[in-house]
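Because only heavy atoms are used, hydrogens play no part in the values below, and waters and symmetry mates are left out as well, while side chains stay in. Just so it is clear: chains get the letters A, B, ... in the order the sequence lines come, proteins before strands, and each one is counted from 1.
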There are 2 protein chains.
Amino acid sequence: MSDTIKTKKEIPYKIYLEEKDLPTAWYNLRADMKNKPAPLLDAKTKKPLSYDDLRPVFCDELIRQELDDTTPYIPIPQEIRDFYKMYRPAPLVRAYCLEQKLGTPAKIYYKFEGNNTSGSHKLNSAIAQAYYAKMQGLDGVTTETGAGQWGTALSMACAYFGLDCRVYMVKVSYEQKPFRREVMRTYGAQVTPSPSETTAVGRKILEAFPGTGGSLGCAISEAVEAAGTLGNYRYVLGSVMNQVMLHQSIIGLETKAAMDQYGIKPDIIIGCAGGGSNLGGLIAPFMGEKLRGEADYQFIAVEPASCPSFTRGKYVYDYCDTGMICPLAKMYTLGSGFIPAATHAGGLRYHGMNMTLSQLYDDGLMEARTVKQTEVFEAAEYFARIEGILPAPESSHAIRVALDEAIKCRETGEEKTILFGLTGTGYFDMMSYEKFNNGVMTDYVPTEEDLARGFEGLPTV
Amino acid sequence: MSDTIKTKKEIPYKIYLEEKDLPTAWYNLRADMKNKPAPLLDAKTKKPLSYDDLRPVFCDELIRQELDDTTPYIPIPQEIRDFYKMYRPAPLVRAYCLEQKLGTPAKIYYKFEGNNTSGSHKLNSAIAQAYYAKMQGLDGVTTETGAGQWGTALSMACAYFGLDCRVYMVKVSYEQKPFRREVMRTYGAQVTPSPSETTAVGRKILEAFPGTGGSLGCAISEAVEAAGTLGNYRYVLGSVMNQVMLHQSIIGLETKAAMDQYGIKPDIIIGCAGGGSNLGGLIAPFMGEKLRGEADYQFIAVEPASCPSFTRGKYVYDYCDTGMICPLAKMYTLGSGFIPAATHAGGLRYHGMNMTLSQLYDDGLMEARTVKQTEVFEAAEYFARIEGILPAPESSHAIRVALDEAIKCRETGEEKTILFGLTGTGYFDMMSYEKFNNGVMTDYVPTEEDLARGFEGLPTV
């Protein structure tokens, strides 16, 4: 397909948009969807939740964005655009060295979101959410974090706007990543390993599962509870919700603008998928074209074999959190009680998937694949040694499939253009790299029984 | 001074040179110096060392560069320029947010070298040195590393060219930064804490100083010895030498090119100084103009109060390493036996200073200041919360003085243009940040007796 594109300019190793070309509005993919994602439901009444229902938990403007499935472009406030300018545009990289080493006729591009202190794309939404919290006059926000990237991003954003920040960090990550906590503290945040004794839901989970390493679902429950008890606070979150995917559309918008400047059209677009926000953000403007019938692309979501919500989950209403405090969302899910084995490294450990992506996947508009973590770290190390960047384990899921596709092109001779999202860096994941380097990393694939246990807790709607 | 400059274009938050505008040659500042740096001497004969004398230890082409004090521009081989394109240009950042927060009329710029996996400017020289080692047909290289940035950079460079890499890491850093080792291993390097039992000089030092945390000078001795015993290996190093400063001129060349595009002229140029290569690289083209009488700038080297080679050292011939294996260099030095207290965090712990910078400082062409580490971390945290980037402790020495100068401008109303080098990120320095966050970081300033002990070991030349 890319054969038909005339490349007018020589393509540099890295394409940086000029400041004047940066997006001024986020793109709301839902506006272009015929089948809209299903509404959030009240966990008790099973009725759709309104703006007013959600106000005790979420920031007002963020609720508006969450519920808005008709406005295609939502302006980015100037204060957020100014912050974006400190670390954006993110480079769109042509992986010349990787192509050469692979001996593939494929053209490989990646959008690198790791050039900021949070180490990932999470900052794109964190600064937006902190801004709206500040504008609402709140004292602070609470949140959960898994691998720690979201918590770091939110700490940075809150420091910038002078908001208090309370982070519940999944205990297994808290222990695997002692220095992540210190980065968050350096930005002034208060970090608590979850489950903790500081909330009723935490105490309940600790009683039921003593010694548990925690889960995102459990940390969410604690953060939501804490927001309610602290007073002038709200709960914010780094993935899964449509508002987050909206903010992350900055990734795809910049990517598309950069590609358009050079007449590049990707054939395959690949992203890792945990809660789904980076993948959703990357593909948004391309998927919009597909939905409007203007162009076609192959989209591939890559998820860990240990937490396969797209490929082995059910598309049903489920709790967003373990404590069942949050609204019900219709999504591909493994059940809110599902927790990947402790051998699973890094993030992408959430039991469900963003509602918009779930609908698109159910409509057959995108594919999903699973990869095992040893394959992922193998790809990560290979990539690091050639392209220099030490990737996050999460991002390396996308690298794995990009390599696989590029190798296929070598075999078939196809000159496909492959684009993937390199969402972050692995500087705080060295314990996992160490396991891989020492040859003691193992793979986990849930059995049918494991999955059945997760599905047992699904609500009846 | 900057008042007279007409700014024609609006200055973005970040200036990225286009690929076509990247430097194609390094700038050799020595060519423009009337008083050349003094030659390296043989430690035994006290006679100047020739190309042939140095060949057993160093790579051939790097010796040529080391000894060349007349050629102003040395072309950058295409293979190195291709690698540079994977992580360069480094952005020149206008610190709009910092200026606003400080309420200063000063204009603050920093050249940010931390956007690569080594986390610092060190990669600029590592890739050059690995390239010349590869071209010479060597099997591998040995080196020392202090804070770990140089070792990481060299590991990356060696992985890229398929060279074996052996790193001797100062033991106190090895213990403070367990994950640095893992990054190096991920890039295929072999890392040994120094002093070690693997070399004669290491064993000798361990016997004399059991339990020592090591020093750069000691790690250098081990790496040089190892290169000799391994066979087809050479020793390479990440600072101090003139060849390194030559490669680091890419920092200053890019900075000057970016500033020239926007008609910006700095009044003050600030850099941290350990071995001196980043500072030397940043100031090189500006100092060249000063030497040629084309322009004037104020240059400030910032060093830790705990290791004050410029401000409290002597300008004499000294050993480059603790084991006295290396040549003698004329430099500002605290004596090769000087080791900063174990409370000293991070790098900038070398006992001497680059020979070229030493000569310039002695000629009154630049200033030097010391700062204490608690002041440095205070500046680091302040900077991180405003500009987003979590800086390396080393780089934060420059931040400290840049803040001080900007605050002075607030008091005097002067609209000075301040440029500083932000050499790297602090992701692997969280143990030091933790000490600071917990209020248990202390300052160390050597007493006159401490210094006298270091001077005792100076050779007679």
For chain A, which of B:Tyr16, B:Phe179, B:Phe83 has the most heavy-atom pairs under 4.5 Å?
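Of B:Tyr16, B:Phe179, B:Phe83, B:Tyr16 has the most heavy-atom pairs under 4.5 Å with chain A.
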For the interface with chain A, which of B:Asn116, B:Thr425, B:Val93, B:Val183 has the highest count of heavy-atom pairs at distances below 4.5 Å?
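Result: the option with the highest number of such pairs is B:Val183.
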Nearest atoms (heavy-atom pairs only) where B:Thr117 meets A:Tyr427
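Heavy atoms of B:Thr117 and A:Tyr427 come nearest at CA-OH, 3.3 Å.
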Which heavy atom in B:Lys101 sits nearest to a heavy atom in A:Tyr160, and how many Å separate them?
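The answer is NZ-O, 4.3 Å.
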Which bit of A:Asp429 is near chain B, if near means a heavy-atom gap under 4.5 Å: side chain, backbone, both or neither?
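No part of A:Asp429 comes within 4.5 Å of chain B.
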Engaged part of A:Pro89 at the chain B interface, taking heavy atoms whose separation is under 4.5 Å:
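Both parts, backbone and side chain.
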Answer yes when A:Glu434 and B:Arg185 have at least one side-chain N-carboxylate O distance shorter than 4.0 Å, and no when they do not.
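B:Arg185 and A:Glu434: not salt-bridged.
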Top contributor to chain B contacts, counting heavy-atom pairs under 4.5 Å, from [options]:
options: A:Arg180, A:Glu182, A:Met86, A:Glu19; value: A:Glu182
options: A:Leu123, A:Thr186, A:Leu390, A:Ile386; value: A:Thr186
options: A:Tyr433, A:Tyr96, A:Tyr187, A:Phe428; value: A:Tyr187

More than 12 heavy atoms of other residues, nucleotides or ligands under 6.0 Å from CD of A:Glu18: yes or no?
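12 or below, so no.
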When rounded to the nearest 0.5 angstrom, what distance separates CZ in B:Arg385 from OG in A:Ser155?
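If we round to the nearest 0.5 Å, B:Arg385:CZ and A:Ser155:OG are 9.5 Å apart.
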Output the distance between atom OH (B:Tyr87) and atom CD1 (A:Ile389), rounded to the nearest 0.5 Å.
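Separation between the atoms: 12.5 Å.
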Does any backbone or side-chain atom of B:Arg181 lie under 4.5 Å from a heavy atom of chain A? Answer side chain, backbone, both or neither.
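Contact with chain A: side chain only.
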Go through the atoms of B:Cys97 and report whether side chain, backbone, both or neither lie under 4.5 Å from a heavy atom of chain A.
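B:Cys97 touches chain A through side-chain heavy atoms alone.
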So does A:Lys85 get a backbone contact from the side chain of B:Lys14, meaning a donor-acceptor N/O pair under 3.5 Å?
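Yes, B:Lys14 side chain to A:Lys85 backbone: donor-acceptor pair under 3.5 Å.
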